[in-house]
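As C-alpha cells, the structure follows; a few thoughts come after it.
For ligands, and for the atoms within them, numbers begin at 1 and follow the listed sequence.
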Amino acid sequence: MSAICIVGGSGYVGLGYATALAELGHEVVALDVAADRVAALNEGHSPIFEPGLEELLRRGLGSGRLRFTTDADDAIPGRAFVFLCVGTPALSNGETDMRQVRSAAITIGQRLRPNQRTIVVNKSTMPIGSADLVTQLLAEHVRDGAEVAVVANPEFLREGAALHDIFHPDRIVLGASDRQAAEAVAALYAPLGAPVLITDRRSAEMVKYAANAFLATKISFINEVAQVCEALGADVLTVAEGIGADPRIGPRFLQAGLGFGGSCFPKDVGALAHMADAAGLHPQLLRAVLDINLDLRRRFVAKAERSLDGLDGRTIAVWGLAFKEDTDDLRESPALDVIGGLLERGAVVRAYDPAAMAKAARLMPAVTMAADPYAAAGGADAILIVTPWKEFAGVDFGRIAGVMRGDLILDGRNLLDPEAVTGAGLRYAGVGRGRTGAVPSAILSGAPVVSRD
Ligand code: UDX
C-alpha cells in the first residue's frame, strides 16, 4: 500500500485514478483548487457523469483510504507518489496550454520533504518533453535534500468506460530516466496484471499522441470511404465489416458517421500537428484527419438542407447532443456545429439527449430541449440523429411517424435499422449507405454466405 497524492483530483482523469487507486488498496489524497467540487466529493457526490464512479467514490471514502482537499500543505508532503492530473487544454493555435502543469509542478516542488524520495507521475496528456519540463520546474523549487523522479505514465481512458479502462488496461506505458522509479510506478498497478512497457520519457509521451492520432485516422479514413460509398452505391457498413475482418486492420473504430469529438481526439491530433509544425515538419495526414472530421458536420447540415429543399422555417429534431453515447460531455461535440449550421440557415431546433441537456441548455439558449425523443419529434420536418445513444434504436417509429410533420430521418451515426424506419412510412438516410436499406450480412459469423446483390 502506497501513499499517493493526486493533483487535479476532481477532474476526469484525476478522479478516476483517485477512486481506482484507493480501491486497489492505496491511501489516496486528492488535491484540487475547486473548493465546491472538493466539498461535494467528500460528501460522496461526483461532479462527473461516469458509470460506476460515484459508487467507487463512496466505497473509497467509507474505507478511509480516500479523501479530498484543497490544502496542498496537507496533500503533498510525505506522499511517495504525486500524480499530475491537471488539465492541459488547447490554445487556439493547437498548442497545449501548460499553465496548470507549470503551477502544479511548482506547488509540488515547494512542498516535497527533504530526505525523502518522491515520484511525480505525469498522467495528464502533455506534449513531448513535458517530463523534462516538470523535472526542471521541480528542481528549481525543491528544498535541499528532497529527491524526486518524474515518470511519464499516459492514460488511455474512454469516457463512459473510464473505470473499466483503468481496471482492465491493454498496457501500462512508463517513461523514465530512472528505471527504479518506473518499476515503483508499475508496482502500483501490479494487481491489474497488464503488460508493462518501460521506455524513455519522450517515447512514452509520444505513445499517447500517436495512439489517439491513429484511432482518429481510422475514423476519418472510414468516413472518407463512406463518402465514396455513398456516391458510388456501396454500403460502408458492409465495407467496414469486410476490411475489419483482416486482423491487420481490425474491426474497431470503423464506424462511419459524424466523426469524432470529445476532449481528446480533436485536441491531441491538433497538438501533435502543432508539435510537428514547430519542428519544421509538414504533418499533412494529421491535418487531413482533422479537416475530414469537421467537413462531416457541414456535409450533414447540407444533406438536411438538400433533402428538405431548404432549412429556413423548418423544424428539426436533433436526437443526441453529447459527443458520444453514455456521457454528458459536450466538448467538441458534432452536435454543436450541426445545430449551429441548422440555426444559421433559419431552422427551428428541438433537441433531446438522455444526459447532456442541462449542460446544452446553457450553451444553446436558442434550442428547445424536449422531454423525450417523441416530444422532440412532435411537428418536426426531420429528425437528425447526432449521438448514437442505444435508446434511439428502441424508439417506436410508428409513433414517431404519427407525431412528425415531415417524414425524414437522417441517421448521422448509422444507428437505426433502416427497415424499422421505412416500415413505419418514414424516409431514411444513413451515412455512406449507397444502397439504402442494405443491412450487413451474416457472412462473418459462420453462417452460410448470403448474396448481397
Ligand atoms: C478517446 C480514446 O479512445 C481514449 O483511449 C483516450 O484516452 C481519449 O480519447 P473518448 O474520447 O472518451 O476516448 O471516446 P471514444 O470512445 O474513443 O470516441 C471518440 C469519438 O470518436 C466519439 O465522438 C465517437 O463517437 C467517435 N467514433 C468512435 C466514431 O465516430 N467512430 C468510431 O468508430 C469510433
Side-chain angles (χ1 to χ4, degrees), residues 11-14 16-17 48-51 53 85 87-88 90 123-126 153-166 168-173 205 207-227 236-237 239-241 243-244 249-272 289-290 292-297 299-300 319-338 353 355-356 385-390 392 411-415 430-432:
Y12 200 84
V13 171
Y17 274 95
I48 290 161
F49 176 88
E50 182 65 32
L53 184 60
C85 300
T88 50
K123 186 56 95 176
S124 312
T125 301
M126 300 182 200
N153 174 214
E155 49 77 24
F156 304 99
L157 312 181
R158 290 163 302 163
E159 286 190 28
L163 294 174
H164 174 273
D165 290 351
I166 292 179
H168 307 278
D170 306 311
R171 74 292 204 195
I172 307 278
V173 177
E205 289 165 342
V207 166
K208 168 72 187 201
Y209 284 98
N212 276 355
F214 185 77
L215 294 170
T217 303
K218 262 187 119 173
I219 297 171
S220 281
F221 170 80
I222 199 66
N223 279 316
E224 186 145 295
V225 168
Q227 283 169 33
V236 74
L237 292 196
V239 173
E241 189 187 9
I243 64 174
I249 296 174
R252 298 174 70 189
F253 279 72
L254 288 179
Q255 281 161 34
L258 279 165
F260 55 82
S263 65
C264 290
F265 286 172
K267 171 170 86 90
D268 293 350
V269 180
L272 185 56
V289 167
L290 294 171
I292 291 168
N293 194 54
L294 288 184
D295 259 1
L296 298 169
R297 304 170 182 192
R299 293 171 61 88
F300 193 57
W319 285 3
L321 296 164
F323 83 95
K324 67 173 193 180
E325 70 279 27
D326 297 329
T327 175
D328 66 349
D329 196 337
L330 289 165
R331 284 176 290 178
E332 305 288 333
S333 174
L336 303 176
D337 285 342
V338 168
D353 186 286
I385 297 181
V386 174
T387 312
W389 285 96
K390 280 200 190 71
F392 300 152
D411 183 355
R413 295 293 185 173
N414 290 336
L415 177 75
V431 175

Any sub-3.5 Å donor-acceptor pair from Lys208's side-chain atoms to Phe156's backbone N or O?
no
For Ser220, all residues meeting side-chain contact (heavy atoms from CB on, under 4.5 Å), sequence neighbours excluded:
Phe260, Val289, Ile292, Asn293
Would you kindly specify which portion of Asn212 sits under 4.0 Å from ligand 1, judged on non-hydrogen atoms: side chain, backbone, both or neither?
side chain
Any Gly257 heavy atom less than 4.0 Å to ligand 1:
no
For ligand 1, note which part of Ile219 has a heavy atom under 4.0 Å away: side chain, backbone, both or neither.
side chain
Is Gly261 in polar range of ligand 1, meaning some N or O pair under 3.5 Å apart?
yes
Partners of Arg158 by salt bridge (charged side-chain N to carboxylate O under 4.0 Å, His left out), sequence neighbours excluded?
Asp165
Is the contact between Arg413 and ligand 1 made by the side chain, the backbone, both, or neither, using heavy atoms and a 4.0 Å cut-off?
side chain
So, does Asp411 use its side chain to make a donor-acceptor pair with the main chain of Ile385 at under 3.5 Å?
no
So, does Lys208 sit close enough to ligand 1 that a heavy atom of it is under 4.0 Å from the ligand?
yes
Of all the atoms in ligand 1, which lie at a distance below 4.0 Å from a heavy atom belonging to Cys264?
8 (C), 9 (O)
When only distance counts, is Phe323 in polar contact with ligand 1, meaning an N/O pair under 3.5 Å?
yes
Is Glu224 atom CD crowded by more than 12 heavy atoms from other residues, nucleotides or ligands, each under 6.0 Å away?
no
Show, in sequence, the C-alpha distance, side-chain angles and deciding distance for Tyr209 and Thr125, and conclude whether the side-chain contact (heavy atoms from CB on, under 4.5 Å) test is met.
CA-CA 8 Å; Tyr209 284 98; Thr125 301; 3.7 Å; yes
Please check: side-chain N/O of Thr387 versus main-chain N/O of Leu321, any donor-acceptor pairing under 3.5 Å?
yes
Pick whichever of Lys324, Glu159, Gln255 has a heavy atom sitting closest to atom 14 (O) of ligand 1.
Lys324
Does an N or O anywhere in Leu215 fall below 3.5 Å from an N or O of ligand 1?
no
Is the backbone of Val173 close enough, under 3.5 Å, to the side chain of Asn153 for a donor and an acceptor to pair up by distance?
yes
Report, in ascending order of atom number, the atoms of ligand 1 lying under 4.0 Å from any heavy atom of Phe260.
20 (C), 21 (O), 23 (O), 26 (C)
Polar-atom distance check: Leu157 versus ligand 1, any N or O pair below 3.5 Å?
yes
